[in-house]
Colleague: 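Quick one: this structure, given as structure tokens, is what I'll be asking you about.
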4 protein chains.
Amino acid sequence: MAGDTEVGAGRFPTMERRLTPRGQQRRDEIVAFATVRFAENGFHPTSVAEIVGGLGVGKGVFYWYFASKDELLAEILRTALRSLRTAQAEAVAGELDPLRRIELAIRAALRWSEQHRHLVTLIQFASTDDRFAPLVSLGEAVAVRDATAQVAEAVSSGRVRDADPEFVAHAVLGVTTHIAREFIHKRGRPADDVADATVAFVLDGLLAGAISPVG
Amino acid sequence: MAGDTEVGAGRFPTMERRLTPRGQQRRDEIVAFATVRFAENGFHPTSVAEIVGGLGVGKGVFYWYFASKDELLAEILRTALRSLRTAQAEAVAGELDPLRRIELAIRAALRWSEQHRHLVTLIQFASTDDRFAPLVSLGEAVAVRDATAQVAEAVSSGRVRDADPEFVAHAVLGVTTHIAREFIHKRGRPADDVADATVAFVLDGLLAGAISPVG
Amino acid sequence: MAGDTEVGAGRFPTMERRLTPRGQQRRDEIVAFATVRFAENGFHPTSVAEIVGGLGVGKGVFYWYFASKDELLAEILRTALRSLRTAQAEAVAGELDPLRRIELAIRAALRWSEQHRHLVTLIQFASTDDRFAPLVSLGEAVAVRDATAQVAEAVSSGRVRDADPEFVAHAVLGVTTHIAREFIHKRGRPADDVADATVAFVLDGLLAGAISPVG
Amino acid sequence: MAGDTEVGAGRFPTMERRLTPRGQQRRDEIVAFATVRFAENGFHPTSVAEIVGGLGVGKGVFYWYFASKDELLAEILRTALRSLRTAQAEAVAGELDPLRRIELAIRAALRWSEQHRHLVTLIQFASTDDRFAPLVSLGEAVAVRDATAQVAEAVSSGRVRDADPEFVAHAVLGVTTHIAREFIHKRGRPADDVADATVAFVLDGLLAGAISPVG
DNA sequence: AATGAATGAGAGTTCATTCAT
DNA sequence: GATGAATGAACTCTCATTCAT
């Protein structure tokens, strides 16, 4: 994963402040609390007053740690995408087979989604807002780039049908994110079960393994 | 498409008002203008003042035709989802083969997305907002129900591998919507080209038709 | 006074809004009330809440008529400077003798200062704030330009000692504004009496007419 | 300069604190930095956070040395006015001729203005704010009182035309301060050149030394 | 049907000041 | 002496909505 630069570096510059352990803890509290509220209530409808009120602190505290409400969301997104990326990187570490890497990445994404449903909701919202969408795109781009490379390799070795690797990578991303929301979040299915079905769909589509051949 | 009831009937009650042709035109203007602004600027950041200002009318006009800003969005969504549904229904009309019906529905969805990118953006946003998400879910539910039925039929006739039809239907929906945004909206690819690749992915997954068998 | 263009046209664009007579009246009320408060309390210490509270109207009213608090001050300044300019222009109208024109302009300025002490205070404050100083400079520039021309003419006809006309014009401006504040505003002396002494000082300085010649 | 009492003793009581040399230096740094920021940015718009941030110290430092932001400005003003007064006193020391004393005081004021433009700006601002204006008035009063005495003496000896000495003193003050801002600060002219013209204007007005007598 | 005017709660943000460490 | 953290009132400004005309 060479060239993996920090995303969204230009916009929403992180507030650089020397923090004591107590300060760092406060900051984390704010992030955690805001993440839940943003996800459950929506970003715009959740006010700064609500956040600091919920934490029982003064308004100034918020602006001591974050330059703005936007910047807080940007930070949440950056952290979330980095976490997802890390989870996937760890899952595929050591695996050389491209198809297995894709499978492991899907499983990792679904497991991550199961554990971070609020972040998934926030990422989805962010991708609909012009100010935050680039952050999400950049975050996704890393995963897509990796998946694209695996597919390309599998295609060239003949183990995957001839298809545009980038297109296929996005198709996999689309399946995975939608399935996570629909089956893991809405219906509470276990990530691992959902992953089996997702991997099957991604590898075989509708037809492969069907009893009677297509007309 | 039996059982197709009007979605979201309870909430956001449509303002029933007898409108003159001139009045209907005004109303349509508002809907059209607001759709674009909501999609480009975001729903929350777009104010009613901006909408009426952009149309050069007074604020009263807005509230003459719509009970609230929320209700306007609800109406846009309802109309949009109905339009998509209609496009798909027309596309599959007369076709009896379940796999062909699915293919045609995908193609119709992509073509519709190409022509209504603002609505696609709005639908995506709406699904992240608790107040509007049910509307979207209900709208999607119709398409999913139909696709589920087709898949079930195809599975029972052995033409599709044994899989949970509803899961597969959602997988198809996930692929289609993500691909529409990524390739049609962001990159401006023609819907028909994208549709070919999408259908291939949905039917064959990664493996089918590969040269060398999987290890 | 050819070339007399509207000052400060670029910054602080006036909010163009069609106003009903009632609206115009409201707007004027705000201007009048704010002028007094700004002058007595200071611009920064006077809040918008104080203004609307004092008028017994809602906060929105302020922003219906003015884009911002800054813009309101800019408008007050523009109006004030235009009023002063007009008063001076009317005072010198028809007079051809350059020295008499200067005298009449001084008298007009002092009389105007007597009647608009709040505006004088505001102009002085504005000239200390980078955002508003250009407005004041531009306003003054008109008067200075005119005075400079009169002085130049008087110098060339030998009726005024050889001096840099622009410098002298500013010197006259400096005397007049300071004297207005010190004697008319602080001590409440009548403008006309003060004007006599001011004119005498400007024309004669300390020495002219002294009994014994300077050493 | 008998009767020269410390001005503004009642308000803004100076924080009496025994300071180490290091402490005194810190304090001076704050004064110097704040003076520039107050002058360039405005007093109200410049926050304490900005000042301590610019010096790279914590907020506590500020409040260790100054009771409040207002008190800091008061101190800056007091120091500035004392400095100006001292400069003038030194300039006229030993000179007995009243007209020469006035001339020397003007020259000293202009030279001081050239070297302390930020302070000049601050003094001007302070005189527009009710809380600080008395400080400035008191500071000016000293100079005016002295000038008034000189003028009175010159008038009684017949070397200056019969005029209200206090009025004339203020007229001189008005010319001098305005000219300093306009020609020294804005246009960067050398103080000594400007002083020549200022003294000429003050002594001769427009007319003295003109070629042809006034009509 | 439509307008301009008004509302006022509430938004995000700032800031002088205080305080525990 | 000095820090980072915290306070919370006050600030400017926005906005969905209502209403008299």
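Values below: all heavy atoms of this structure, side chains included; hydrogens, waters and symmetry mates excluded. In the text below, chain A, chain B and the rest are named by the order of the sequence lines, each starting its count at 1.
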Colleague: So A:Phe43 and A:Phe132, would you call those rings parallel, tilted or perpendicular, with 30° and 60° as cut-offs?
Modeller: perpendicular
Colleague: Need one value for A:Phe66: base, sugar-phosphate or nothing, where a base atom within 4.0 Å counts as base even if backbone is also close, heavy atoms only.
Modeller: nothing
Colleague: Roughly, in whole Å, what's the span from CZ in D:Phe43 to P in E:dC15?
Modeller: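 Distance check: D:Phe43 CZ to E:dC15 P gives 12 Å.
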Colleague: Starting the side chain at C-beta, find the nucleotide from F:dT7, E:dA2, F:dA2 nearest to D:Val61.
Modeller: F:dA2
Colleague: Write down the distance between CG (B:Leu55) and P (E:dA2), rounded to a whole number of angstrom.
Modeller: 12 Å
Colleague: Between A:His44 and B:Val57, just flag the one whose closest nucleotide in DNA chain E comes earlier from the 5' side.
Modeller: B:Val57
Colleague: Does F:dT21 pair with anything, Watson-Crick or G-U wobble, both distances under 3.5 Å, and if so, with which nucleotide?
Modeller: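 E:dA2 - that is the nucleotide pairing with F:dT21, both distances being under 3.5 Å.
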Colleague: Which one is paired to F:dG8, where only Watson-Crick or G-U wobble pairs with both distances under 3.5 angstrom count?
Modeller: E:dC15
Colleague: Is the distance from OP1 or OP2 of E:dA6 to the nearest side-chain N or O of C:Arg26 less than 4.0 Å?
Modeller: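 C:Arg26 to E:dA6 OP1/OP2: side-chain N or O found under 4.0 Å.
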Colleague: Would you say that more than 12 heavy atoms from the other residues, nucleotides or ligands in this model lie under 6.0 Å from the CD of C:Gln25, or not?
Modeller: no
Colleague: So does C:Ser47 get a side-chain nitrogen or oxygen closer than 4.0 Å to the phosphate oxygens (OP1/OP2) of F:dA10?
Modeller: no
Colleague: Which whole-number value in Å describes the distance from A:Tyr65 OH to E:dG12 C1'?
Modeller: 19 Å
Colleague: Looking only at non-hydrogen atoms, find the nearest pair between D:Gly139 and D:Leu81 and report the distance.
Modeller: CA-CD1, 4.1 Å
Colleague: Taking the side chain as every heavy atom from C-beta outward, state whether B:Leu122 and B:His118 have any atom pair closer than 4.5 Å.
Modeller: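 No - every pair of side-chain heavy atoms lies 4.5 Å or more apart.
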Colleague: Rounded to whole Å, please give me the gap between CG in B:Leu73 and C1' in F:dA16.
Modeller: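 B:Leu73 atom CG is separated from F:dA16 atom C1' by 15 Å.
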Colleague: Is the phosphate of E:dA5, meaning OP1 or OP2, less than 4.0 Å from a side-chain N or O of C:Trp64?
Modeller: yes
Colleague: Side chains of A:Asn41 and A:Glu50, heavy atoms from C-beta outward: is any pair under 4.5 Å?
Modeller: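 Side chain of A:Asn41 against side chain of A:Glu50, heavy atoms only: contact under 4.5 Å found.
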Colleague: Do D:Thr121 and D:Phe38 have side chains that get closer than 4.5 Å, going by heavy atoms?
Modeller: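 The answer is no; the side chains never approach within 4.5 Å.
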Colleague: Take the protein atom CZ of A:Arg27 and the nucleotide atom P of F:dG4, then report the distance between them rounded to whole Å.
Modeller: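 In whole Å, F:dG4 P and A:Arg27 CZ are 16 Å from each other.
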Colleague: Could you check how far CD of A:Gln25 sits from P of F:dA6, rounded to whole Å?
Modeller: 10 Å
Colleague: Checking all strands, does D:Gly23 fall into the base, sugar-phosphate, or nothing category for heavy-atom contacts under 4.0 angstrom?
Modeller: sugar-phosphate
Colleague: With DNA chain F as reference, determine whether A:Gly58 or B:Pro45 sits nearer its 5' end, using the nearest nucleotide of each.
Modeller: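 So the residue in question is A:Gly58.
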Colleague: Between A:Arg27 (side chain only) and A:Tyr65 (backbone N and O only), is there a donor and an acceptor less than 3.5 Å apart?
Modeller: yes
Colleague: Rounded to the Å, how far apart are B:Arg22 CZ and E:dA1 P?
Modeller: 9 Å
Colleague: Measure from CG on A:Asn41 to C1' on E:dA11 and round the result to the nearest Å.
Modeller: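 It is 15 Å, rounded to the nearest whole Å.
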Colleague: Give the ring-plane orientation class for D:Phe125 versus D:His44, where under 30° counts as parallel, over 60° as perpendicular and anything between as tilted.
Modeller: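 Geometry flag for D:His44 against D:Phe125: perpendicular rings.
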Colleague: Please check the phosphate of E:dT21 (OP1 and OP2 only) for any side-chain N or O of A:Thr20 closer than 4.0 Å.
Modeller: no
Colleague: Any N/O pairs under 3.5 Å between the protein and nucleotides 17-19 of chain E? List them or say none.
Modeller:
{"residue": "E:dT17", "atom": "OP2", "partner": "D:Tyr63", "partner atom": "OH", "Å": "3.1"}
{"residue": "E:dT17", "atom": "OP2", "partner": "D:Lys69", "partner atom": "N", "Å": "3.1"}
{"residue": "E:dT17", "atom": "O4", "partner": "D:Lys59", "partner atom": "NZ", "Å": "3.2"}

